[in-house]
Amino acid sequence: MNGRNKALRHAALWAVALLLLAVWAFPVLWGLLTSFKTERDVLAYPPKVFFTPTLDNYREVISGGSSILPNLWSSLVVSGWATFLTMLFAVPAAYALARLRYPGKRASGFYVLATQMLPPVGLIIPFYLVLQKIGGLDSYSGLTAIYLTFSLPFAVWLMVSYFEDIPYEMEEAALLDRAGRLRTLWYVILPQVRGGIAVTTIFVFLNAWNEFLFAVVLGGNKVRPVTVAMYNFISLEQTQWARLAAGAMLAMAPVILIGLFAQRHIVKGLTVGAVKGGGRR
């Protein structure tokens, strides 16, 4: 009887997991199907599941007049620089918040958290005015700097817990061996939090890659990320759903590839901080 109940619970868990997976995957799979349809098939009612696929939409968004390849490059440049600079500053900042004792530590930690509570819509006008004054509108440097304002606090707050879970004894042993603070951080602490750094890097890149609000207001003709370029397929007269779906699939491809290749690091990084309190005082 117990074995039967266990089997039923196991089957129920699998059914719930498959249902959740289907709900999550349905929009992506439907978008993929739509990208191979003609506009006539897209607008057909009832919706067509079986149709003659075409690659015309991908040809148009890759090499045609609606090519999004320049926009993919803009997204890659902005997201790449934003991720690199964020991690460059976030690692020492998170280490300082987690391990060092200094005046105003609690206030600075609260400030980092409070910046995540600000609504992005309320910051657009100040950001626009500042960039306009310094000539940073429609530039890679200007948009990258704006991305740092929300990615850096997120990365710092996420990595603080990973640094706090490293036992203080490891650091104290290195300091007793006359290793400096920076040398201890590089050779002792960072190898212990590689998983956390990896997952933070991935999340920062994904957030920058998918960002739309700041990009559409602060970008322009020279810097136009792919999330903004999707609007090229939407007009007052018509929405080109098939080309929009094809462009969305191309825009998601780098994100999906990163997730597939880095899933081991993501899982490891998310479980590093599962047991809290190892190094807290």
Side-chain angles (χ1 to χ4, degrees), residues 8 10-76 78-79 119-122 124 143 147 150 202-203 205-263 266:
L8 289 175
H10 188 71
L13 287 175
W14 269 103
V16 172
L18 290 175
L19 178 61
L20 294 176
L21 179 62
V23 171
W24 172 84
F26 176 77
V28 178
L29 295 178
W30 190 256
L32 182 62
L33 285 176
T34 302
S35 68
F36 290 105
K37 293 181 178 180
T38 63
E39 291 296 332
R40 181 185 297 273
D41 290 335
V42 172
L43 299 176
Y45 186 84
K48 288 186 177 181
V49 178
F50 301 100
F51 56 91
T52 302
T54 177
L55 293 176
D56 291 342
N57 301 313
Y58 285 96
R59 294 191 188 99
E60 180 65 23
V61 298
I62 291 176
S63 59
S66 303
S67 175
I68 63 170
L69 291 184
N71 309 107
L72 288 171
W73 174 251
S74 294
S75 291
L76 181 62
V78 175
S79 301
V121 175
I124 289 181
L143 196 57
Y147 281 11
F150 63 84
I202 294 168
F203 284 157
F205 181 85
L206 296 184
N207 288 337
W209 183 272
N210 295 324
E211 203 283 322
F212 170 78
L213 188 60
F214 292 128
V216 72
V217 176
L218 305 177
N221 294 325
K222 292 188 295 184
V223 181
R224 190 176 178 86
V226 69
T227 51
V228 180
M230 296 293 101
Y231 266 76
N232 292 338
F233 306 107
I234 301 175
S235 64
L236 294 176
E237 295 81 13
Q238 180 187 14
T239 298
Q240 302 175 29
W241 293 109
R243 294 179 181 179
L244 179 61
M249 292 300 108
L250 291 179
M252 286 192 296
V255 175
I256 294 174
L257 291 176
I258 290 175
L260 291 176
F261 285 110
Q263 60 180 337
I266 294 176

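Position 1 is the first residue of the sequence, and the numbers go up from there.
Between Val255 and Ala251, the closest heavy-atom pair is CG2-O, 4.3 Å. Closest approach of Ser74 to Lys222, counting heavy atoms only: OG-O, 4.0 Å.
Atoms CD1 and CG, on Ile202 and Asn207 in that order, are 12.0 Å from each other to the nearest 0.5 Å. A distance of 9.0 Å separates CG in Leu55 from CD1 in Ile62, rounded to the nearest 0.5 Å. The distance from atom OG1 of Thr54 to atom CG of Asp41, rounded to the nearest 0.5 Å, is 9.5 Å. Rounding to the nearest 0.5 Å places CG of Leu244 at 5.5 Å from CD1 of Ile234. Distance check: Met252 CE to Leu32 CG gives 8.0 Å after rounding to the nearest 0.5 Å. One distance of note links CH2 of Trp14 with CG of Leu19; it measures 14.0 Å at 0.5 Å rounding.
The aromatic rings of Trp30 and Phe26 lie parallel to each other, their planes meeting at an angle below 30°, with 60° marking the opposite boundary. Ring-plane geometry between Tyr58 and Phe36 is classed as tilted, the angle between the planes lying from 30 to 60 degrees on a 0 to 90 degree scale.
The closest side-chain heavy-atom distance from Phe51 to Thr38 is not below 4.5 Å. The shortest distance between side-chain heavy atoms of Phe212 and Met230 does not fall below 4.5 Å. With a 4.5 Å cut-off on side-chain heavy atoms, Asn57 and Met249 do not count as touching. Residues Pro225 and Leu143 form a side-chain contact, since some pair of their non-hydrogen atoms from C-beta on lies under 4.5 Å apart.
Residue pairs meeting the side chain to side chain donor-acceptor pair (under 3.5 Å) criterion with at least one member in residues 238-262, sequence neighbours excluded, are Gln240-Arg243. Applying the side chain to side chain donor-acceptor pair (under 3.5 Å) test to residues at least two apart or on different chains, the pairs with a partner in residues 59-70 are Asp56-Arg59, Glu60-Ser66.
Remark: side-chain polar atoms of Lys48 are not paired, donor with acceptor, to backbone N or O of Lys37 under 3.5 angstrom. At least one donor-acceptor pair under 3.5 Å links the side chain of Glu211 to the backbone N or O of Ala215.
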**Q.** Audit row: Tyr231, Val216, side-chain contact (heavy atoms from CB on, under 4.5 Å) steps and yes/no
**A.** CA-CA 10 Å; Tyr231 266 76; Val216 72; over 6 Å; no
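Leu72 pairs by the side-chain contact (heavy atoms from CB on, under 4.5 Å) definition with Ile68, Leu69, Trp209, Val226, not counting sequence neighbours.
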